[in-house]
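Below is one structure, written out as structure tokens, with a few remarks after it.
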Amino acid sequence: GRWSRAAAQQRLSEDDLIGAPAFGNLTLLHVTDIHAQLKPVYFREPAVNIGVGQAAGLPPHVTGADFLKLYRIEPGSPEAYALTAEDFAALAERYGKMGGLDRVATIVRRTRAERGDDNVLLLDGGDTWQGSFTANATKGADMIACMNLLKPDAMTGHWEFTYGADRVNEAKDALAFPFLGSNVFDAEWNEPAFEAWKMFERGGSKVAVIGQAFPYTPIANPRWLIPGWSFGIREEEVAKHVEEAKAEGADVVILLSHNGFDVDRAMASRVPGIDVILTGHTHDALPEPVKVGKTVLIASGSNGKFVSRLDLDIGKGELKDLRYRLIPVFSDVITPDGEMAAKIDEVRAPYAEQLGTVLGRTEGLLYRRGNFNGTWDDLICDALLSERDAEIALSPGFRWGTSLPAGNDITVEDLHNACAMTYPAAYRTKMSGDMLKTILEDVADNLFNADPYYQQGGDMVRVGGMGFAIDPTRAIGSRISDMVVLKTETPIEAARDYVVAGWASVNEGTEGPPIWDVVSDHLKANPVYTPTENRSVKLKP
Amino acid sequence: MATPKPRVKVPKKASAGEIITIKTLISHDMESGQRKGKDGNVIPRQIINKFTCEFNGMKVFECELDPAVAANPYFEFNAKVPESGTFKFTWVDDDGSIYTDEQKIAVN
Amino acid sequence: AMAGVAILARPAWATVEATDAAIGAFTGGKTPEPGKITLTAPEIAENGNSVPVTVEVDSPMTDGDYVASVTILADGNPNPEVATFHFTPLSGTAAATTRIRLAKTQNVVAIAKMSDGSTFSDRKEVKVTIGGCGG
Ligand SMILES: [Mn+2]
Ligand SMILES: [Mn+2]
């Protein structure tokens, strides 16, 4: 593209990234899944991201060289670095860290200045308050302080709810903008628990924004933390709110969604009248919109790596045309916003010493994203096996967690970027081979169910000490086979009990030390970690 | 099990002929008859087996419940209100107990 | 992931055949037609002990043309019967919501019997899962 040539000539500038010719009457900015990353980070996109059913082979289920080919991106270019796992280690050195909320603030401030405040709408798709040491220590207060400075016009959520209902209610009331959730209901009387949508008058148009929180929050995360709320996809509610918005004169209808991309693609085909879906949750970054009928789907990545900019030409009651740009936040190119940088320093200051504490060192790239494994979870599983004296380790297939290139110290901050959460207990328990199979089948179905409405959007649970084969195209109960204990190379027996250690159980009262203590202890005894290629999961057919 | 306690949500006012939404809850274990107690014996079934809503003596809505209805049975249904009057709600327990609640509505 | 998964003592489950028999008992042996009735339930249960289900039937609900009753069945529970609603013209619309128990992933079926004796059905698979991971 335009700025890849500039970068090749070593003169990539802020203007190349964020200067945009004026188009239409409204600029929509979208950020999502920042996962509390206030500072620039490394984040490797997935090398494996399999789509099933009607989504097979379609974006975002295209990775690596296929992705570069599909979007005509030059290998080795800044775009290739930002959007794929191809040649990541070398390109990370060349192009540096991405993101940083102070750089995001520069983009927002400049856009508002160029377009005029009244012609810009900034929307946050959620998973904003969780994912770092400081966010966990302050129950999201660090992020709330910084986001109040960034001034989005609305947000929705997912991991926000893992701070518990009381904290969410308290924080929501303190926000300078609405927290929308069309699909969050009071579990007892079945009445809306959150404001579902809001009309904005911007760019001379009436813009309706419907918020859709993560539908499976009480299933993928602990229900006991939010016992009074019920979620679900509830497409009939979305449809109802689209109609309400149109009846109140909306010229354009935006769904600020935390459904996950495939769910949104299905929803776009089933619920008429949505002009733009700002997707989230599945952490996909796509350089072009995906069109489903008349609906445009946008995927803005995660961890503050990207800001999406949509310039909309809105007529009376219709979206006439649009221009789209996925802005990569190259932290060395975009100047930090001074006010935001100061706020970030302020919220981090009380924890500076802890954040910088060195726990060990990595001799290979640590990353998490990918359907089946990542080196961060290999390290976590190693720690669980040794520190909890287990035969088998399980680590959840979260999609958040930053990357750390080879040769770097592993600090407390790095470790917490991979595991900071409110239910970190590392349990140790006995499970039969039969139960292990049930768990793997169940998680695989949450990821690979051919009907997207049954997908929960995580990756496959990671395993240590065992291997298995998986055929994502099959149905629940028949995807997993060849389960084996790696150490002895013996098949896992259905009736035998195995000692299993894991973390992030959704069950109330789970006991064990927090996972970061387990990994810290492991690194004390084994301070240099050298990732090896993980061959424990075999893909079929 | 504590004495079942009904709770009902009915609008206080409606216009003549308006269709309103009614929500009801009653605290009740809905013992299914499928569970075994600590002694290994099956805990006998005891559920709410019938729920009725009447308006000024006329039937509005009725439900027969099986053990697969969740504990603390919840019902949400509609009613067309022709005139001011009283909704009467009745829950029938397997043990023969009857629990009731009444709510007035004013039609203008 | 997840620590303990409740392994339920499994009684003899209702089968699809038992559910079909229950449908037949409700309709008087007729096979219900698709349409008119809409069953709404979550795709994945948040809690198998309390799954909200809503039925809505398209009907004028007049003295001469109304929905007499709607029954709800579940084909993976120990018994298929769940609940049966009876509506009247005073119901205004034939719509009702309750919360049900689902022991495992299964189909929930709703059948409407109209005042003229015709019957309609809708069904939806509700997944009961362990849960635990996410994006
Ligand atoms: Mn996320
Ligand atoms: Mn999420």
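Hydrogens, waters and symmetry mates are skipped; everything else that's a heavy atom, side chains included, is used. As the structure is a prediction and not an experimental result, all values here were calculated from the model. Sequence lines set the chain letters: A, B, ... in the order given, protein chains first and strands last, and positions in each chain run from 1.
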- Message: With a 4.5 Å cut-off on side-chain heavy atoms, are C:Asn77 and C:Gln106 touching?
- Response: yes
- Item | C:Thr98 and C:Phe85, any side-chain heavy atoms less than 4.5 Å apart | yes
- Query: Which of residues 14-29 of chain B get closer than 4.5 angstrom to chain C, counting heavy atoms alone?
  - Reply: B:Ile19, B:Leu25, B:Asp29
- Note on the structure: Of all heavy-atom pairs linking C:Val128 and C:Thr105, the shortest is N-OG1, 2.9 Å
- Query: Does anything in residues 61-70 of chain B get under 4.5 Å of chain C by heavy atoms, and if so which residues?
  - Reply: B:Phe61, B:Glu62, B:Cys63, B:Glu64, B:Leu65, B:Asp66, B:Pro67, B:Ala68, B:Val69, B:Ala70
- Query: So, the side chain of C:Lys124 versus the backbone of C:Ala41: is there a donor-acceptor pair under 3.5 Å, distance only?
  - Reply: yes
- Answer yes or no: is there a donor N or O on one side and an acceptor on the other, between the side chain of C:Ser118 and the main chain of C:Met114, under 3.5 Å? no
- Is there a donor-acceptor contact under 3.5 Å from the side chain of B:Asn56 to the main chain of B:Thr86? yes
- Query: Judged by atom type as modelled, is there a donor-acceptor pair below 3.5 Å linking the side chain of C:Lys30 to the main-chain atoms of C:Gly117?
  - Reply: yes
- Are the side chain of C:Thr88 and the backbone of B:Lys59 linked by a donor-acceptor contact shorter than 3.5 Å? yes
- Checking heavy-atom separations under 4.5 Å from chain C, one finds in residues 91-108 of chain B none
- Note on the structure: Applying a strict 4.5 Å limit to non-hydrogen atoms, the region of B:Ser32 in contact with chain C is both
- Task: Mark yes when over 12 heavy atoms from residues, nucleotides or ligands other than C:Tyr66 sit less than 6.0 Å from its OH; otherwise mark no.
- Result: no
- Close side-chain approach of C:Asp65 and C:Asp116, heavy atoms under 4.5 Å: no
- Query: Should C:Lys113 and C:Thr27 count as side-chain neighbours, where that means a heavy-atom distance under 4.5 Å?
  - Reply: no
- Item | Contact class of C:Pro89 relative to chain B, heavy atoms under 4.5 angstrom | backbone
- Task: Hey, could you give me the CD/CD1 distance between B:Glu31 and B:Ile43, rounded to the nearest 0.5 Å?
- Result: 4.5 Å
- Item | Rounded distance [0.5 Å steps], OG1 in C:Thr19 versus CG in C:Leu73 | 6.5 Å
- Task: Return yes when atom CZ of B:Arg45 has more than 12 non-hydrogen atoms of other residues, nucleotides or ligands closer than 6.0 Å, and no otherwise.
- Result: yes
- Message: As an exercise, state the distance from CZ of C:Phe120 to CD1 of C:Ile111, rounded to the nearest 0.5 Å.
- Response: 13.0 Å
- What option among C:Glu81, C:Arg99, C:Met61 has the most heavy-atom pairs under 4.5 Å with chain B? C:Arg99
- Message: Any side-chain to backbone donor/acceptor pair from C:Asp122 onto C:Leu39? Under 3.5 Å, distance only.
- Response: yes
- Query: Is there side-chain contact between C:Thr84 and C:Phe26, with heavy atoms separated by less than 4.5 Å?
  - Reply: yes
- Item | Any residue of residues 72-81 of chain B which, by heavy atoms, sits under 4.5 Å from chain C | B:Tyr74, B:Phe75, B:Glu76, B:Phe77, B:Asn78, B:Ala79, B:Lys80
- Query: Closest approach of C:Ala112 and C:Val67, non-hydrogen atoms and distance?
  - Reply: CB-CG1, 4.4 Å
